[in-house]
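Data first, discussion second: the structure below is written as structure tokens.
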Amino acid sequence: MIGIITGDIVNSRKLSSEIWIDGLKRILNVFGENPIEWEIYRGDEFQLEIKNPEDALLIALRIKAYFKTLKLDARMSIGFGEMTYKADKISESNGTAFSRSGEVFETLKKQKINLAINSDNEILDAEINLMLRLSLTFMDNWLAQSAEFVLTAIENPTLSQEEIGVKLGINQAAVSKRQKRAQFDLVLEMEKYFRNKIKTISE
């Protein structure tokens, strides 16, 4: 089983793509090779293969936090399943992971939801998507400073608040405030819950 993230940038015309494209490529490059495992196409849409499906939500949160630092947002669907055909470009590969990701992605704009999953397990999907919708009530409102903290914390999971403060050029008390404002502890709890659930269906 693999995960496929299909995404686009909300209100991408607000900022020139020159401002965000290198940062997005930097994140995607961590998880695979372009264009076989990730691609940016049609200007502001992207797709990424996730070999370890348990990592899918954390990767999506990292992408979201990155865009929020720029006062933009990303709309993403995560599909879980198989890859039955691997092409030279991910946009030409297919399988159930792709179709499930695509199906959900098509519904996001209409539902005004920025993150959802489709694993073809109705009970699991209903449960995780409800948690995501509840979490999006605050994650969609992350300010740039909170998002900068979230991005740094996800990219450097072993760092203490003091060490994150050094990276961000702020003191530990300010880091603590940003962590609370972002409700980051709750985000991590949700991510851990998701990771355990996906593990059970991928074994």
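Worth knowing before you read on, the calculation uses all heavy atoms, side chains too, and leaves out hydrogens, waters and symmetry mates.
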### Task
Hey, could you give me each pair passing salt bridge (charged side-chain N to carboxylate O under 4.0 Å, His left out) that has a residue in residues 96-106? Not counting sequence neighbours.
Arg100-Asp120
### Message
I need the full list of salt bridge (charged side-chain N to carboxylate O under 4.0 Å, His left out) pairs touching residues 150-161, with sequence neighbours left out, sorted by first then second residue.
### Response
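For residues 150-161: Arg26-Glu155, Arg62-Glu155.
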Please name all residues satisfying salt bridge (Lys or Arg N to Asp or Glu O under 4.0 Å) with [X], sequence neighbours left out, ordered by chain then number.
{"X": "Lys64", "result": "Asp73, Asp140"}
{"X": "Glu49", "result": "Lys86"}
{"X": "Glu45", "result": "Arg42"}
{"X": "Lys109", "result": "none"}

### Task
Check side chain to side chain contact (heavy atoms under 4.5 Å, CB included) between Thr84 and all other residues, then give those that pass, not counting sequence neighbours.
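Only Asn94 meet the side chain to side chain contact (heavy atoms under 4.5 Å, CB included) criterion with Thr84.
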### Query
Counting N and O atoms only, with roles assigned by atom type, does the side chain of Glu92 sit under 3.5 Å from a partner on the main chain of Ala87, one being a donor and the other an acceptor?
no
[Y] and [X], any side-chain heavy atoms less than 4.5 Å apart:
{"X": "Arg195", "Y": "Leu58", "value": "yes"}
{"X": "Ser135", "Y": "Leu186", "value": "no"}
{"X": "Leu72", "Y": "Ile19", "value": "no"}
{"X": "Lys197", "Y": "Glu127", "value": "yes"}
{"X": "Leu132", "Y": "Met190", "value": "yes"}
{"X": "Val10", "Y": "Asn114", "value": "yes"}
{"X": "Ile164", "Y": "Asn156", "value": "no"}

Once rounded to the nearest 0.5 Å, what's the spacing between atom [atom1] of [X] and atom [atom2] of [Y]?
{"X": "Asn118", "Y": "Thr107", "atom1": "CG", "atom2": "OG1", "answer": "9.0 Å"}
{"X": "Thr200", "Y": "Leu124", "atom1": "OG1", "atom2": "CG", "answer": "7.0 Å"}
{"X": "Ile63", "Y": "Leu48", "atom1": "CD1", "atom2": "CG", "answer": "6.0 Å"}
{"X": "Met1", "Y": "Ser119", "atom1": "CE", "atom2": "OG", "answer": "7.0 Å"}
{"X": "Leu168", "Y": "Gln145", "atom1": "CG", "atom2": "CD", "answer": "9.5 Å"}
{"X": "Arg178", "Y": "Thr152", "atom1": "CZ", "atom2": "OG1", "answer": "8.5 Å"}

### Task
Check the side chains of Glu163 and Ser160 for a donor-acceptor pair under 3.5 angstrom, ignoring hydrogens and angles.
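Note: Ser160 and Glu163 side chains meet the donor-acceptor criterion.
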### Message
Side chains of Gln161 and Gln172: any donor to acceptor distance under 3.5 Å?
### Response
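Present: a donor and an acceptor within the cut-off.
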#### Entry: Members sharing Phe98's hydrophobic cluster (side chains within less than 4.5 Å)
Ile2, Ile4, Met83, Ile90
## Note on the structure
Students should find that the hydrophobic cluster of Leu134, defined by side-chain heavy atoms under 4.5 Å apart, otherwise consists of Leu130
Minimum-distance pair of heavy atoms, taken over all atoms of [X] and [Y]:
{"X": "Val150", "Y": "Ala65", "value": "CG1-CB, 3.8 Å"}
{"X": "Ile78", "Y": "Ala60", "value": "CD1-CB, 4.1 Å"}
{"X": "Ile117", "Y": "Val104", "value": "O-CG2, 4.0 Å"}

### Message
According to ring pair (Phe, Tyr, Trp, His ring centres under 6.0 Å), does anything in residues 161-203 pair up with another residue at least two apart or in another chain? List the pairs.
### Response
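The answer is Phe149-Phe184.
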### Query
Which pairs with one or both residues in residues 28-37 pass side-chain hydrogen bond (donor to acceptor under 3.5 Å, both in side chains), sequence neighbours excluded?
Asn29-Trp38, Glu37-Lys51
### Message
Going by the rule ring-ring contact (aromatic ring centres under 6.0 Å, His included), which residues pair with Phe67 if we only count those two or more places apart in sequence or in a different chain?
### Response
Trp20
